[in-house]
Student: 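One structure follows; several queries about it will come next.
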Amino acid sequence: MATTPNSSSTLSLWWKRNRQSILPPLLGTLGFLLFWQLSSSLGLTKLTGPLSLWTDERTRELLLYPFYDRGGLDKGLFHHSMSSLGRVAIGYTLAAIVGIGVGIAVGLNKSLDRAFDPLFQFLRMVAPLAWVPIALVLFQRNQPAAIFVIFITSIWPILINTAEGVRQIPQDYRNVALVLQMSSGRFFSKVLIPSALPYIFTGLRISIGLAWLAIIAAEIVMPGTPGIGFFIWDANQNGYVSEIVLGVIWIGAIGLILDRFMAWLQKRISPGQ
Amino acid sequence: MTATTLVDVQQLEKNFPLSGGGNYLALKGIDLEIRRGEFISLIGHSGCGKSTLLNMIAGLDLPTGGTVLVDGETVKRPGPDKMVVFQNYSLLPWLTVEQNIALAIDEVFPGLASDERNTLIQEHIVMVGLGHAAHKLPHELSGGMRQRVAIARALAIKPKLLLLDEPFGALDALSRGNLQEKLMQICNEHQLTAVMVTHDVDEAVLLSDRIICLTNGPGSRIGNILEVDIPRPRQRMTVVHHPSYYSLRSEIIYFLNRQKRVKQWQAKPHKVLAAHGLEKVNLDLGFIPLTACAPLAIAEAKGFFAKHGLDGVQLVRETSWRGVTDGFVDQTLDAALMPSGMPTWMAAGGHGGDPLPIVTALTISRNGNEVTLAKRLSDAGVHSVEDYRNWLQSHNREPHTLGIVHPASMHNLLLRYWLAASGIDPDKDVHLQALPPAQMLADLKDGSIDGFCCGEPWNLRASRDRHGVPIAGDLEIWNGHPGKVLGVREDWALAYPNTHIALTKALLEACQFCSDPNNWPEMADLLSDRRYLGIKPDLIHFSTGSKVAEGSHGPTTSSEQGEPHHLFFGAGVNRPSRSEHLWILTQLARWAEIPFPRNYVEILERICNVSVYSTAARELGFEDVTYQRSAIELFDGHPFDGNDPIGYLNSVSVHRDFSVAEIPLGVPRPLAG
């Protein structure tokens with residue numbers, strides 16, 4: 001008896017405290033969906049409304065059974081996503097390794113920095129889609145080409161932020177290392193990496209978004225392999241507008257989760273900065 | 001370099017290349033030896049290169065000239081034996097307090113067993129009082145606590161030398177005070193050698209054994225080194241009562257202000273303006289606020305300077321005689337009112353630099369000084385110098401300090417003469433300390449000095465405030481002794497001979513004005529202005545009580561003989577006297593302020609410019625004031641023989657081990673340009 005009013009009061013207290021951060025995004029999203037549905041129902045746009053995801057039989061099935069696998073390319077969204085995520089994981093990991101490595105080298109060495117900075121600044125402006133034909137020419141095969149597109153799209157923020165992080169190591173930390181006569185190996189692990197870590201993470205967080213963005217471009221070049229990019233491409237070829245809408249929402253949701261995951265990781269790994 | 005020396009800085013120079021080409025010379029010719037266990041402070045205005053000097057000792061920056069030796073080895077790179085505590089703490093923010101200290105220990109003592117290592121870490125965390133915060137990250141700590149961690153980290157690796165770069169600069173006053181005491185305690189316990197950069201004068205005095213004052217850049221050098229003789233252990237609240245505290249403090253503040261003034265002076269254009277047949281009419285004339293500065297104030301107010309063609313005279317108020325000395329050394333002053341001992345003292349190099357002959361052509365005042373003892377002594381029955389001697393003998397366990405204004409002033413020489421003639425050794429039985437007059441009143445009040453010898457108005461103020469009682473006037477010691485004189489550099493006098501005569505004429509005429517009792521009320525009003533003394537006119541007296549009573553000013557409360565007595569003009573008053581300056585030379589040598597010059601005849605010849613005075617007096621029509629004074633005779637009747645000064649020195653009962661030396665003055669030559 002005693003706990004009931006108590007727990008209800010903690011619930012209302014929680015609500016009072018978090019109301020400000022829950023209500024506005026909820027209302028905003030609902031308002032947007034309502035507007036979309038209305039404009040679609042009133043015929044203002046040819047795009048199907050959000051309700052069609054449920055009313056359309058194909059998409060309802062996809063929503064209800066994400067895990068089905070009828071062989072070939074006829075799979076649920078989960079399997080498509082996993083294939084895409086696998087590709088992103090490879091490309092992104094390569095980008096992280098190369099980006100952090102080159103970033104540190106460039107951040108530590110002024111002449112290297114001067115030599116390559118214009119090139120980096122130039123290359124990072126090239127859109128993911130533009131890399132597709134080049135990747136195909138370079139690799140001749142679909143899989144490595146797709147991974148290359150993800151890699152080349154996501155490397156720049158990692159590289160540039162890491163270099164900046166290394167450059168921004170406060171002179172005080174360097175002085176501490178100098179006075180203590182730290183070896184370069186110890187300086188690297190005890191001072192350089194921890195100090196540049198917030199910058200590196202900022203780069204990693206921006207890049208995970210870009211890598212995921214590049215997935216469509218990468219999978220367009222790979223007909224016949226499962227993947228969320230291919231799923232949308234395929235729906236487009238067949239004119240299933242509801243499926244495209246579903247694919248887009250799915251991509252957005254996964255991107256959001258990836259970003260939140262990186263933010264959480266950053267908080268865990270580099271506290272106090 | 002001796003075995004006790006830890007750091008030896010030799011002829012250090014640092015040049016920074018500028019981005020726009022060219023160089024900035026930050027430091028030049030720095031020589032400094034630091035003994036083991038010594039705490040040194042570097043102080044100076046911002047941009048004077050004190051942090052650069054520290055960085056070069058640390059090896060974080062390399063000199064462009066000269067060397068730094070630590071333990072006999074040239075510093076080429078930084079190392080843990082020269083640990084630095086940085087102003088912004090420089091803790092690694094991703095490590096806890098414990099980990100930060102551990103990092104340093106692991107680097108410096110890699111082979112340490114883990115339990116030894118942990119003991120070392122804990123010991124130092126506890127030492128700085130952070131036992132409760134060992135597992136906190138730096139951002140969870142206050143600034144003061146962070147700096148404690150930095151200090152603990154520095155001490156944990158047992159450096160030979162601790163270098164602190166404005167360690168408490170960013171802290172609030174309370175944590176700063178606590179941390180200063182903590183640092184002092186740690187340094188005492190571990191006999192640490194430390195060098196600290198600071199801009200806080202009180203901090204420097206509290207913590208240091210020696211304070212190094214750096215001059216302004218470019219080309220900063222060591223301008224002054226002060227020994228702090230306050231015994232350890234020191235406490236922040238009690239050091240302020242030590243008699244040296246305020247004199248050290250005022251010395252540093254004086255130094256910093258002086259640097260500022262030189263900077264301002266350099267910023268202005270300085271052209272020699274010639275007019276009216278005079279070589280230079282724009283003069284900076286130094287003085288310090290005393291009743292005896294009346295002729296300068298009068299010459300300005302009554303237009304005597306302009307009358308004699310000097311229409312650009314600027315009176316520069318200094319706070320101490322040091323300012324006058326330095327003004328002559330760096331030539332920011334053209335002429336000054338100065339104590340009568342200063343020309344010979346500076347000519348013999350008593351100010352610590354190269355001998356600098358100062359010419360005097362005019363004695364501006366005579367008398368006007370007095371010895372005041374604290375009220376508590378008179379309450380204890382001390383009414384005469386014999387009483388004081390007995391009192392010193394019965395209280396010989398306590399320190400006894402008497403204040404003087406300047407080593408070359410008559411206050412010092414007369415007080416010493418008076419004490420010595422009465423059987424009190426002025427160096428052994430008491431301690432004479434140079435203090436600014438305003439400080440003497442405060443010290444008399446809080447009991448850190450027994451008394452002082454000083455010019456007016458300070459004796460009168462002490463007795464009015466009932467902190468002091470006059471015990472002997474100069475009338476009883478040497479009636480008619482020279483008080484203040486006009487001084488100029490010898491090269492200045494040679495370059496601007498007509499200006500020198502005009503200046504002497506203007507001041508001689510002002511002296512005549514000041515000697516007329518009818519003018520005294522007007523003079524008191526003038527001097528009470530903030531530009532001069534800035535005190536009430538009824539505290540400014542020029543003669544004995546009975547004569548003041550004739551004027552409009554003030555009923556007097558103190559005794560008749562306790563009143564000041566200034567002579568500004570009259571027969572034999574103003575003419576510079578060689579035998580008086582010789583007496584001063586013998587007294588300065590007697591107390592080992594300077595060696596007795598073997599070439600004293602040459603010095604007196606060059607210092608006393610009687611011909612300028614005679615010309616000035618003749619042109620003013622004052623033939624009657626050119627007579628020489630009678631023989632020098634003081635209260636004890638001991639004869640002074642001007643023909644045998646060394647024989648005289650040997651004949652006085654109390655004297656220090658004086659030396660006789662040739663003072664190289666060089667050939668007299670006029671100022672260039």
Side-chain angles (χ1 to χ4, degrees), chain A residues 96 100 103-104 107-111 113-114 117 158 161-205 262-273, chain B residues 51 54-55 57-62 70 75-97 99-110 135-141 146-147 149-150 153-154 156-166 170:
Chain A
I100 292 172
I104 289 172
L108 285 176
N109 191 324
K110 275 217 170 77
S111 32
D113 186 22
R114 285 200 200 99
D117 190 60
I158 302 177
N161 274 286
T162 305
E164 190 57 24
V166 173
R167 258 178 260 144
Q168 293 290 328
I169 295 175
Q171 189 58 39
D172 300 325
Y173 303 172
R174 291 179 192 271
N175 282 342
V176 169
L178 277 173
V179 170
L180 292 175
Q181 294 270 285
M182 276 190 183
S183 66
S184 46
R186 296 263 300 169
F187 174 71
F188 188 82
S189 63
K190 295 282 173 185
V191 178
L192 187 144
I193 293 291
S195 174
L197 210 57
Y199 285 85
I200 296 177
F201 260 102
T202 307
L204 287 174
R205 196 171 155 190
M262 288 306 291
W264 173 80
L265 206 63
Q266 180 170 17
K267 228 179 197 167
R268 280 295 305 275
I269 290 181
S270 55
Q273 287 187 53
Chain B
S51 289
L54 191 86
N55 283 348
I57 296 174
L60 287 168
D61 213 339
L62 292 179
V70 172
V75 173
K76 291 195 180 110
R77 66 182 73 81
D81 55 337
K82 311 175 284 285
M83 186 61 189
V84 186
V85 175
F86 300 94
Q87 181 181 9
N88 36 10
Y89 329 125
S90 294
L91 300 175
L92 303 182
W94 54 88
L95 299 179
T96 64
V97 169
Q99 289 165 336
N100 261 296
I101 297 171
L103 178 82
I105 289 178
D106 292 344
E107 272 321 307
V108 180
F109 310 116
H135 298 289
K136 288 200 168 149
L137 288 168
H139 75 99
E140 298 170 293
L141 305 175
R146 285 186 224 180
Q147 193 57 289
V149 182
R153 177 177 65 181
I157 59 172
K158 315 251 180 261
K160 273 185 222 165
L161 179 63
L162 188 64
L163 302 166
L164 305 119
D165 192 356
E166 293 195 19

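The figures here come from the full heavy-atom set of this structure, side chains too, leaving out hydrogens, waters and symmetry mates. Each chain gets a letter, A, B and so on, in the order its sequence line appears, and its residues count up from 1.
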Student: Distance from B:Ser90 atom OG to A:Arg174 atom CZ, nearest 0.5 Å?
Tutor: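 B:Ser90 atom OG to A:Arg174 atom CZ measures 13.0 Å (nearest 0.5 Å).
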Student: Any heavy-atom pair between the side chains of A:Lys190 and B:Leu92 that's under 4.5 Å?
Tutor: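 A side-chain contact under 4.5 Å is absent here.
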Student: At a heavy-atom separation under 4.5 Å, does B:Val108 approach chain A through its side chain, its backbone, both, or neither?
Tutor: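 Contact with chain A involves the side chain of B:Val108 alone.
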Student: Donor-acceptor pair, A:Gln181 side chain versus B:Pro80 backbone, under 3.5 Å?
Tutor: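 Side chain of A:Gln181 to backbone of B:Pro80, a donor-acceptor pair under 3.5 Å: no, none is there.
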Student: Below 4.5 Å from any heavy atom of chain A, which atoms of B:Leu95 appear? Answer side chain, backbone, both or neither.
Tutor: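 The answer is neither part of B:Leu95.
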Student: Roughly how far apart are B:Met83 CE and A:Leu180 CG, rounded to 0.5 Å?
Tutor: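 Taking CE in B:Met83 and CG in A:Leu180, the distance rounds to 5.0 Å.
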Student: In terms of heavy-atom proximity below 4.5 Å to chain A, should B:Ala58 be classed as side chain, backbone, both, or neither?
Tutor: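 Contact with chain A involves no heavy atom of B:Ala58 at all.
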Student: Check this for me: B:Lys82, atom NZ, are more than 12 non-hydrogen atoms of other residues, nucleotides or ligands nearer than 6.0 Å?
Tutor: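 Yes - once you tally the heavy atoms of other residues, nucleotides and ligands closer than 6.0 Å, there are more than 12.
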Student: Mind ranking A:Asp172, A:Asn175, A:Val179 by heavy-atom pairs under 4.5 Å with chain B and telling me who comes out on top?
Tutor: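 Of A:Asp172, A:Asn175, A:Val179, A:Val179 has the most heavy-atom pairs under 4.5 Å with chain B.
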Student: Please assess B:Arg77 against A:Leu178 for the test side chain to side chain contact (heavy atoms under 4.5 Å, CB included), listing each intermediate value before the final yes or no.
Tutor: CA-CA 8 Å; B:Arg77 66 182 73 81; A:Leu178 277 173; over 6 Å; no
Student: Taking C-beta and beyond as the side chain, do B:Trp94 and A:Pro198 meet within less than 4.5 Å on heavy atoms?
Tutor: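 Not in contact.
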Student: Only pairs of heavy atoms separated by less than 4.5 Å count here; which of B:Leu91, B:Leu103, B:Val84 has the most with chain A?
Tutor: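 Top option by heavy-atom pairs under 4.5 Å: B:Leu103.
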